[in-house]
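These numbers come from a predicted model, not from an experiment.
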Protein chains: 2
Amino acid sequence: MTETNTKKLHLTAFMRPVSLHTGAWRYPGAYPDANFNLQHLKSFITKLEAAKFDAFFMADHLAVLNMPVEALKRSHTVTSFEPFTLLSALSVVTEKIGLAATASTTYDEPYHIARRFASLDHLSGGRAAWNIVTTGNPESSKNFGRDQHMEHSDRYKRAREFYDVVTGLWDSFADDAFIRDRESGVYFDPDRMHVLDHQGDELRVRGPLNIARPIQGWPVIVQAGQSDPGRQLAAETAEVVFCSPRDLASAKELYADIKGRVVAAGRDRNHLKILPAALVVVGATVEEAKAKRLELDSYVHYDSAIASLSVSLGVDASKFDPDGPLPTELPDTNASKTSRAGVVQLSQTEGLTVRQLAQRYGGYSGLAFVGTPETIADEMAVWLAEEGADGFTVTFPFLPQGLDDVTEKLVPELQRRGLFRKDYEGSTLREHLGLPRPPNRFFE
Amino acid sequence: MTETNTKKLHLTAFMRPVSLHTGAWRYPGAYPDANFNLQHLKSFITKLEAAKFDAFFMADHLAVLNMPVEALKRSHTVTSFEPFTLLSALSVVTEKIGLAATASTTYDEPYHIARRFASLDHLSGGRAAWNIVTTGNPESSKNFGRDQHMEHSDRYKRAREFYDVVTGLWDSFADDAFIRDRESGVYFDPDRMHVLDHQGDELRVRGPLNIARPIQGWPVIVQAGQSDPGRQLAAETAEVVFCSPRDLASAKELYADIKGRVVAAGRDRNHLKILPAALVVVGATVEEAKAKRLELDSYVHYDSAIASLSVSLGVDASKFDPDGPLPTELPDTNASKTSRAGVVQLSQTEGLTVRQLAQRYGGYSGLAFVGTPETIADEMAVWLAEEGADGFTVTFPFLPQGLDDVTEKLVPELQRRGLFRKDYEGSTLREHLGLPRPPNRFFE
Ligand SMILES: Cc1cc2nc3c(=O)[nH]c(=O)nc-3n(C[C@H](O)[C@H](O)[C@H](O)COP(=O)(O)O)c2cc1C
Ligand SMILES: Cc1cc2nc3c(=O)[nH]c(=O)nc-3n(C[C@H](O)[C@H](O)[C@H](O)COP(=O)(O)O)c2cc1C
């Protein structure tokens, strides 16, 4: 069993039970009720584990999404299982795949967060990861007794300190603290327990945490912030970065920037993996894949989609003929020129009508790989070789079929090329990702 | 399949993975590592479900327990899984048994609590229960940025309002809000979504909750407070009360008091079940059961036990001969006379030495049923008939043997007498407990 030395991709699945795409629940064969159907989620994660994915990742939001009600009522993203309860349940039906939960540093307490991730790590045999978010949706504040959303820079300041506290709490007990010596009757060695006693600007937390040190030492740290403080937090703390670059050029820029910051922070650049989020649509031919995507987009209702297009263009697009092309002359705008240029480019390269453009923006307009297993593998190989990515945070256009297309068609192609593992080599998520187990800062 | 009309007991299991008794990890055959061993917990809950228990209940504490380090280092109760992650995992390996988690109203946010219990209820097909606690351990405050533990009456004031908010959030969506009409593209009816907009003395929470209404409407509400505000909170909100009366006489008093308050609050007295916590030790003979308990107590280290006895007596008991009887003349005390009288009575009825008394108080000194399946069933029948209890919150002296003794010996005896169900009749915890599904306060 010799493994080639080719650099390999890491793949995590960015899961919404019905898909991230807002039209997906209407796609033929979709499970519109997957948000509350554990059987479906079990089958998804089982397939992803069989395909040797690094991790299964759940996003999280602390309010009903802030969209106009016309869009909201058409979206399946309004409600779902809470990540910790779901991932804990799924830990029982899997053995190897990592389990990444999102948790907010703005609206939760470090003692709770440290404890829950440690517990998930123990339950799963070392497969937990924490996606640190500061929570962008300002609606969340009102669900937590605050009139105002905490300001961006304050959120990141708190996040940085929060990370110190959580990791410090994980180190409350030395790995060998629990001796459980029946003879002497000593269950643990109190000299191997540390009281954190953190007194910071934002947080005061005494400790110790009432749970043994996680199996991975610390669950894997993930970060998805895009701003300057977001990137800096990632460079100092993260081991995986989820990001959403538009294209390879901007991905390379982001990659170089973050890896540079990692080195500047005194860390090993290989100890942070950059995994851009990408919608992956697989077809037997490139045309078929593109047609699937257009069909998917067509399930986004025009009334709820047009607002997204208007935002991206900086003009009221509802005035345009939905079934005609984008007018060549557009009124001036104060909105982002880059974002408008993106729309214009898309309308030209794909020859889309206003309706189709709106449905693209209302559905999913981020990075996408749309093609055959071969063309997508080609593209992914370029991203890997040219340092645009260490792998991808794959998101599925519709489920179950879009997921099956990836696990049954794309993954085997990547494996044939030596670009993706054929089997797990270790059992913890750190091992899958090639990350070291952090030493305990208080004990040898 | 006619069921007799005999009033039946409800049984929940008050679980600590190694037992609540601090000497249990040293008992022959015990699993000292059960705190972090999911396999053991799976086997426990599977057996409890086969024995048709109403629910599996996890206590919870938000700090390492506040004991002197000499006692702490000898106790397995210092760390364990966190309840939500554990119960979610166990929901997957069971189908009927209820899953009760403890969560604090003092150190958490109603939005988080409402969401997590709703999620567990969806995951488990309607088996979640919330044990509302205000958290007694003052050490907890320091883990949550506060110098002082919130005052008792303020804790209960907040708990009452917290309950209103959580149940209000559970009612965010009508049961029929999610229409998922593929044709029209409408996923849910926004007129069937309610924005709570709670503005209270303690809490301000906007809503709606980002999860569908729980399967049970609301997860079952449990309460375990003993004080006057604790009982009042129970009367107004709880559907199950865990309590810890010393004996049948005090249990009857408590039962009558709480049921009286329930009626005074305008509720049906049968919609609140009172389940005292009881250690159950089963033997082939009464003598064998008593000997098991004495052996179990003997694993509590004298050095860590003697402090507990001193507290109960109100004098320094370490001055006494450990292997002699309790001195008949005890110095005067300002401490509770009832508690001292209890020790004196115990020393006489069971003829215990000072060491054995200390080990009883350091191990588990609450209500216990110690005997054969027949004698214990006799006692339980009396408690049920005389309105001391609607059932019990059973806690096991040591595991797995002490649990097996209950499920394999006591439960069949109770079933033979028609005192306990032979099979589940419904599938939700509310159905097991004979509790109605609450209507949605905002929607028909
Ligand atoms: C792949 C990916 C997943 C994300 N998941 C979440 C999430 O689950 N919850 C959340 O509040 N924000 C999520 N975000 C948003 C980021 O946390 C962050 O708020 C956003 O990228 C803006 O960056 P900034 O806060 O640094 O300006 C995600 C972003 C990306 C790229
Ligand atoms: C069976 C039982 C279980 C309990 N479980 C917990 C628990 O898990 N966490 C907790 O903080 N308190 C727990 N308590 C303590 C009660 O919540 C309460 O604080 C205590 O009975 C004192 O009552 P009071 O606060 O009304 O004075 C439990 C009590 C009983 C009787």
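B:Leu86 touches chain A through backbone and side chain together, each having a heavy atom under 4.5 Å away. Proximity to chain B involves both the backbone and the side chain of A:Asp108, based on heavy atoms less than 4.5 angstrom apart. Contact annotation for A:Tyr27: only backbone heavy atoms (N, CA, C, O) come within less than 4.5 Å of a heavy atom of chain B. Only the backbone of B:Ser184 comes within contact range of chain A, judged by heavy atoms closer than 4.5 Å. Using a 4.5 Å cut-off between heavy atoms, B:Tyr299 makes no contact with chain A at all. No part of A:Val300 comes within reach of chain B, as not one of its non-hydrogen atoms sits under 4.5 angstrom from that chain. Both the backbone and the side chain of B:Leu62 come within less than 4.5 Å of a heavy atom in chain A. For chain B, the nearby part of A:Phe178 is the side chain; its heavy atoms alone come within less than 4.5 Å. Of the two parts of B:Ala30, the backbone and the side chain both hold a non-hydrogen atom closer than 4.5 Å to a non-hydrogen atom of chain A. Proximity to chain B is absent for every atom of A:Ser172, based on heavy atoms less than 4.5 angstrom apart. When heavy atoms are compared at a cutoff of 4.5 Å, A:Leu65 does not approach chain B at all.
Annotation: maximal heavy-atom pairing with chain B below 4.5 Å, among A:Leu38, A:Val92, A:Leu123, occurs at A:Leu123. Among B:Asp197, B:Val64, B:Asn37, B:Asp189, the residue making the largest number of heavy-atom pairs under 4.5 Å with chain A is B:Val64. The candidate with the highest count of non-hydrogen atom pairs below 4.5 Å against chain A, out of B:Ser80, B:Ala177, B:Ser91, B:Ser119, is B:Ser119. The candidate with the highest count of non-hydrogen atom pairs below 4.5 Å against chain A, out of B:Glu82, B:Glu183, B:His61, B:Lys42, is B:Glu82. Taking chain A as the reference chain and counting heavy-atom pairs below 4.5 Å, the highest number among B:Gly125, B:Ser304, B:Gly207, B:Ser124 is found for B:Gly207. In terms of heavy-atom pairs under 4.5 Å with chain A, the best-connected choice from B:Arg206, B:His301, B:Arg182, B:His76 is B:Arg182. Among the candidates B:Phe81, B:Phe36, B:Trp25, the residue making the largest number of heavy-atom pairs closer than 4.5 Å to chain A is B:Trp25. Counting heavy-atom pairs under 4.5 Å between each of A:Val165, A:Ile179, A:Asp147 and chain B puts A:Asp147 at the top. When each of A:Arg146, A:Met193, A:His112 is scored by its heavy-atom pairs under 4.5 Å with chain B, the top score falls to A:His112. Ranked by heavy-atom pairs shorter than 4.5 Å toward chain B, the options A:Val205, A:Val93, A:Leu209 are led by A:Val205. Considering only heavy-atom pairs separated by less than 4.5 Å from chain B, the leading option among A:Ile215, A:Leu72, A:Val69 is A:Leu72. When the candidates A:Leu203, A:Leu196, A:Val78, A:Asn143 are compared by the number of heavy-atom contacts under 4.5 Å with chain B, A:Asn143 comes out ahead.
In this structure, B:Arg355 is positioned above the aromatic face of B:Tyr302, its NZ or CZ under 6.0 Å from the six-membered ring centre and within 45° of the axis. Judged by the 6.0 Å and 45° rule, B:Arg116 forms a cation-pi pair with B:Phe84. Taking the centre and axis of the six-membered ring of B:Tyr187, the NZ or CZ atom of A:Arg74 falls outside the cone set by 45° and 6.0 Å.
The heavy-atom pair separating A:Thr77 from A:Ser75 by the smallest distance is OG1-OG, 2.5 Å. Between A:Ala24 and A:Leu296, the shortest heavy-atom contact is CA-CD1, 3.7 Å.
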Q: Could you walk me through whether A:His198 and A:Glu161 pass the side chain to side chain donor-acceptor pair (under 3.5 Å) test, one step at a time?
A: CA-CA 10 Å; A:His198 174 90; A:Glu161 188 178 330; 2.8 Å; yes
**Q.** Verdict with reasoning, B:Arg180 to A:Asp33, per salt bridge (charged side-chain N to carboxylate O under 4.0 Å, His left out)
**A.** CA-CA 8 Å; B:Arg180 301 190 188 104; A:Asp33 69 338; 5.7 Å; no
Q. Between A:Tyr107 and B:Tyr111, does a ring pair (Phe, Tyr, Trp, His ring centres under 6.0 Å) hold up when you go through it step by step?
A. CA-CA 10 Å; A:Tyr107 297 109; B:Tyr111 201 86; 9.7 Å; no
Q: Check step by step if salt bridge (charged side-chain N to carboxylate O under 4.0 Å, His left out) holds for B:Asp60 and A:Arg115.
A: CA-CA 12 Å; B:Asp60 195 42; A:Arg115 194 169 165 230; 2.5 Å; yes
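B:Leu90 is listed as a side-chain neighbour of B:Phe56, based on a closest heavy-atom distance under 4.5 Å.
Residue-environment remark: CD (B:Gln199) exceeds the threshold of 12 foreign heavy atoms within 6.0 Å. The neighbour count for B:Glu95 CD, taken as heavy atoms of other residues, nucleotides or ligands under 6.0 Å away, does not exceed 12.
With respect to the salt-bridge test (charged N to carboxylate O, under 4.0 angstrom), the residues A:Asp175 and A:Arg192 do not qualify.
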